[in-house]
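These notes are about the structure you will find just below.
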4 protein chains.
Amino acid sequence: MRSPRRPQRARKLPRQARSQATVGAILDATVQILDRQGLDAATTTRIAEVAGVSVGSLYQYFSHRDAILNALQEREFERALELMRAVLARDHLARHPRDTLTAVMQGLASLYRSAPGLHRVLAIEGLRVARADRVHAFDARVLAIIRQFLRATGAPLRRPRLEAAAFVAYQSVRATMLARLLSGEPSLDEDSLVEELVDLVLRYLIAGDA
Amino acid sequence: MRSPRRPQRARKLPRQARSQATVGAILDATVQILDRQGLDAATTTRIAEVAGVSVGSLYQYFSHRDAILNALQEREFERALELMRAVLARDHLARHPRDTLTAVMQGLASLYRSAPGLHRVLAIEGLRVARADRVHAFDARVLAIIRQFLRATGAPLRRPRLEAAAFVAYQSVRATMLARLLSGEPSLDEDSLVEELVDLVLRYLIAGDA
Amino acid sequence: MRSPRRPQRARKLPRQARSQATVGAILDATVQILDRQGLDAATTTRIAEVAGVSVGSLYQYFSHRDAILNALQEREFERALELMRAVLARDHLARHPRDTLTAVMQGLASLYRSAPGLHRVLAIEGLRVARADRVHAFDARVLAIIRQFLRATGAPLRRPRLEAAAFVAYQSVRATMLARLLSGEPSLDEDSLVEELVDLVLRYLIAGDA
Amino acid sequence: MRSPRRPQRARKLPRQARSQATVGAILDATVQILDRQGLDAATTTRIAEVAGVSVGSLYQYFSHRDAILNALQEREFERALELMRAVLARDHLARHPRDTLTAVMQGLASLYRSAPGLHRVLAIEGLRVARADRVHAFDARVLAIIRQFLRATGAPLRRPRLEAAAFVAYQSVRATMLARLLSGEPSLDEDSLVEELVDLVLRYLIAGDA
DNA sequence: GATGAATGAGCGTTCATTCAT
DNA sequence: GATGAATGAACGCTCATTCAT
């Protein structure tokens, strides 16, 4: 996409019900387009068209095109965090770490599966310099959750550098899932992938797990 | 005025000394721009400008803008493969797999370190649909090398699904290194990263490795 | 940056008053440029400039530059056909064929006279391969009208090959008028030309007409 | 084609044998390209390539691209005039005008047939403003020949305005032949076309010819 | 507020022409 | 003379953004 002519002022926050609906429609339209046709198809005109509003309205709620992608990214970030929190909150201490990990990874896999095209675009765009900070912030939150889980788990940890370990484990899982998503016809079925990743992480992190 | 005719094949190969210099200048300029300002800044006009040539010259050697990126990608691909081959060729059978793995990863880390911005862009662009095939082809070659290494190693393998294991291991290493590269100020020094990754892979792949 | 996507269908039809005005301005500007400076001067930038709009507006209503020329061509085609139909509809059976033919040719001559430069360009462009189909379609419609006229006329026809005769007659008239148009200072006044052409066609087509 | 940056000085005339050969090769190459691929394919680079010389050499003999087309046009003009002169010179006074006319038209038809693509391009380009003068000059020479023939012929002429008559007859023949050339699949075979045109012209020009 | 026609900077690309070798 | 690498003005076209209605 072209680097945009940046506007000078921020837009007002949507407060009323109708506004919320419009914002929602715009985000949903963008998701649909990204998922089916990719980033290049997500022009402001097309988004407005699919959302059933005018471009003018679009700019009433988003100061520039990238703001839409940012909002989307944020939405998916929250969704992923929520998923992790929900799984970990379910009395995971009483269960074997393997079960907890498996549940988390199945959740992530289903998240990706629900809109592969969208997550592909977000992953790519997430790597762009402009959006790097947002991704780092998200990563930090994920890592905090992981560390918290590791500390809370009764299992004996192998790794002295907890922070490094969480980083490596997280990136490995994230990237492998994404790579499978990006390969046209995955040679590995989802369940097997989850199994492999659980094993990878367990053996890496937890002593004596064989 | 003229109906546009997309050229299908590569332009003439540079034979003379001056031509070689021009091609080199274009590639170098592109690397520099990608490394410092990212992909969007790498317009044909800007590349030509930095290379100190005219746009016309650029098109004398590259059929279209993307061909420059492709050439660059190919160059880095070959470099990475060459590095892996070189390390694995060095009597690795006589050494402990840990040493071999460490050597490979140190090589990759230094490759990334040499031009972080470039590798960031190549990694990102490698995810785009248009270039997905090239990346898959590269991945397949890497996976073949890894599998060959695993088979040749005397060490007892833990994983029944060799192909899946190679995929998971490769993506984990690749992504973690890249993620560290992308984070502005890495919290993990390079040696520690290599150590962690070697450990990750060994425990995942090789039975009884502790 | 972006892979170019050639639009296949026409742009949105102009509905509002302002839109209509813009389309009109674009067509008028194009006619003016073609008439005065020829086809090569009719760049999108120049057309927009003369029309007093931006290039963007131009592409809001025409999918590509050639679409403007096509629209212009179509407009003139329809105008010419309408003229022929109108003249032939005027109780021509009751009149001598010479009068009918004269009326038709006077109409065509005045059509050409109204914008010689435009018709010159359209005639030339009509010869280009890209637009040949459109011209052939127009020619076929004209020939059908001519054949219908010849059949309806009570006059005894000299020519056994009606189709060939219509073709020869039509091309002769068309080309001679055009040639006169193209010569800077016509040596033949319009009335004389019409007279000559009527005579040419009558003697060629109609038996005993002397 | 793009309107060229016009050079300032004329080129030296080719005097030596090698020069003549180069000029010939360039013209032949241009004919071949025009005939097979049309005007847009006739770039200076391509012409030089087909001619087996360098672009530099091309510019040694032709001051600019259009000069090549001009030379080609001139060559075809001379060829056509030569053909007419040759036929008319063959004791045509002793023969019936119909035979003479038939011979001329057969000659023209075979000229066109020998390289339809070339003549299509020349016809189109000949109409462009830039080259209009050259065409008018050629037309004038043709008309002179025609008038001379008409005067020399013993046959009684119908038309008082000899100049106008020559013009009408010439344009009719030229355009009809060209139109047949331009229509993809001519519905009229060449012999029939010649027959029709001879009849058209004879009845138009010569009194009592039935 | 909502609309959507209008804007125009900027992109990738071409090719006639030049000139150092 | 010949070469062909280099030039760069100019083209068609896109789309994020604005603002009169």
Side-chain angles (χ1 to χ4, degrees), chain A residues 1-7 12 16 18-19 22 40 42-49 53-60 63-66, chain B residues 1-7 12 14-19 21-22 40 43-46 48 53-66, chain C residues 1-7 12 14-19 21-22 40 43-48 53-66, chain D residues 1-7 12 16 18-19 22 40 42-49 53-61 63-66:
Chain A
M1 239 58 312
R2 182 109 25 79
S3 60
R5 275 174 270 164
R6 279 293 156 75
K12 77 176 51 158
Q16 314 197 346
R18 178 125 88 113
S19 305
T22 301
D40 283 358
T43 65
T44 49
T45 303
R46 180 96 181 95
I47 291 173
E49 189 179 303
V53 301
S54 67
V55 254
S57 291
L58 189 154
Y59 277 90
Q60 200 97 56
S63 61
H64 50 280
R65 194 189 82 116
D66 270 18
Chain B
M1 222 103 290
R2 194 165 316 112
S3 56
R5 278 165 286 156
R6 264 263 162 172
K12 75 164 72 82
R15 300 205 170 281
Q16 308 200 348
R18 182 133 79 118
S19 304
T22 301
D40 283 357
T43 66
T44 51
T45 304
R46 180 97 182 93
V53 302
S54 66
V55 258
S57 289
L58 193 154
Y59 281 93
Q60 197 121 59
Y61 301 108
F62 298 94
S63 60
H64 47 280
R65 195 192 78 118
D66 269 19
Chain C
M1 222 106 291
R2 196 163 315 114
S3 56
R5 277 165 285 156
R6 264 265 160 169
K12 75 165 70 84
R15 300 206 169 282
Q16 310 199 348
R18 182 133 79 118
S19 304
T22 301
D40 283 357
T43 66
T44 51
T45 303
R46 180 100 181 93
I47 292 173
V53 301
S54 65
V55 256
S57 289
L58 191 153
Y59 281 94
Q60 197 121 59
Y61 300 107
F62 298 95
S63 60
H64 47 279
R65 194 190 79 119
D66 270 19
Chain D
M1 241 47 328
R2 182 108 26 79
S3 60
R5 276 173 268 162
R6 278 295 156 74
K12 78 176 54 159
Q16 312 200 348
R18 178 126 88 113
S19 305
T22 300
D40 283 358
T43 65
T44 50
T45 303
R46 179 98 181 93
I47 291 172
E49 189 180 303
V53 302
S54 65
V55 253
S57 291
L58 187 153
Y59 277 90
Q60 200 97 60
Y61 298 111
S63 61
H64 49 280
R65 197 189 80 117
D66 271 18

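So you know, we letter chains A, B, ... as the sequences are listed, proteins then strands, and number each from 1.
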Quick one: which of dA6(F), dG12(E), dT3(F) gets closest to the side chain of Arg65(B)?
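So the nucleotide nearest the side chain must be dG12(E).
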
Select one nucleotide: of dA9(E), dT13(E), dC11(E), the one nearest the side-chain heavy atoms of His64(B).
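Within the option list, the nearest is dT13(E).
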
Between [X] ([atom1]) and [N] ([atom2]), how many Å, whole number?
X        : N       : atom1 : atom2 : result
Leu58(C) : dA5(E)  : CG    : C1'   : 14 Å
Asp40(D) : dG12(F) : CG    : P     : 13 Å
Glu49(D) : dA5(F)  : CD    : C1'   : 15 Å
Asp66(B) : dT13(E) : CG    : C1'   : 13 Å

Here's a test of your reading of the structure: between Val55(B) and Val55(A), which maps to the more 5' nucleotide of DNA chain E?
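The residue closer to the strand's 5' end, by nearest nucleotide, is Val55(A).
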
Would you mind telling me which residue lines up with the more 5' stretch of DNA chain F, Val53(D) or Thr45(C), judged by nearest nucleotide?
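Closer to the 5' end of DNA chain F: Val53(D).
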
If the cut-off is 4.0 Å, is [X] near the phosphate of [N], judged by side-chain N/O to OP1 or OP2?
X        : N       : value
Ser54(C) : dA6(E)  : no
Thr43(A) : dC15(F) : no
Thr44(A) : dC15(F) : no
Gln60(A) : dA2(E)  : yes
Tyr61(C) : dA6(E)  : yes
Tyr59(C) : dC13(F) : yes

Using modelled atom types and a 3.5 Å cut-off, is there a donor and acceptor pairing between side-chain atoms of Arg46(C) and backbone atoms of Asp40(C)?
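No; judged by distance alone, with no hydrogens or angles, the pair does not exist.
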
Listed by chain and number, what are the side chain to side chain donor-acceptor pair (under 3.5 Å) partners of Thr22(A), not counting sequence neighbours?
none

Ignoring hydrogens, what is the shortest heavy-atom contact between Ala48(A) and Val55(A)? Give both atom names and the distance.
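Distance-wise, the nearest heavy atoms are CB-N, 3.7 Å.
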
With respect to Arg65(D), which candidate in Thr43(D), Thr44(D), Leu58(D) satisfies the side-chain contact (heavy atoms from CB on, under 4.5 Å) definition?
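Going through the options one by one, the only one that passes is Thr44(D).
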
Just need the stems in DNA chain E: three or more back-to-back Watson-Crick or G-U pairs, each with both distances under 3.5 angstrom, sorted by first number.
E:2-21 with F:2-21

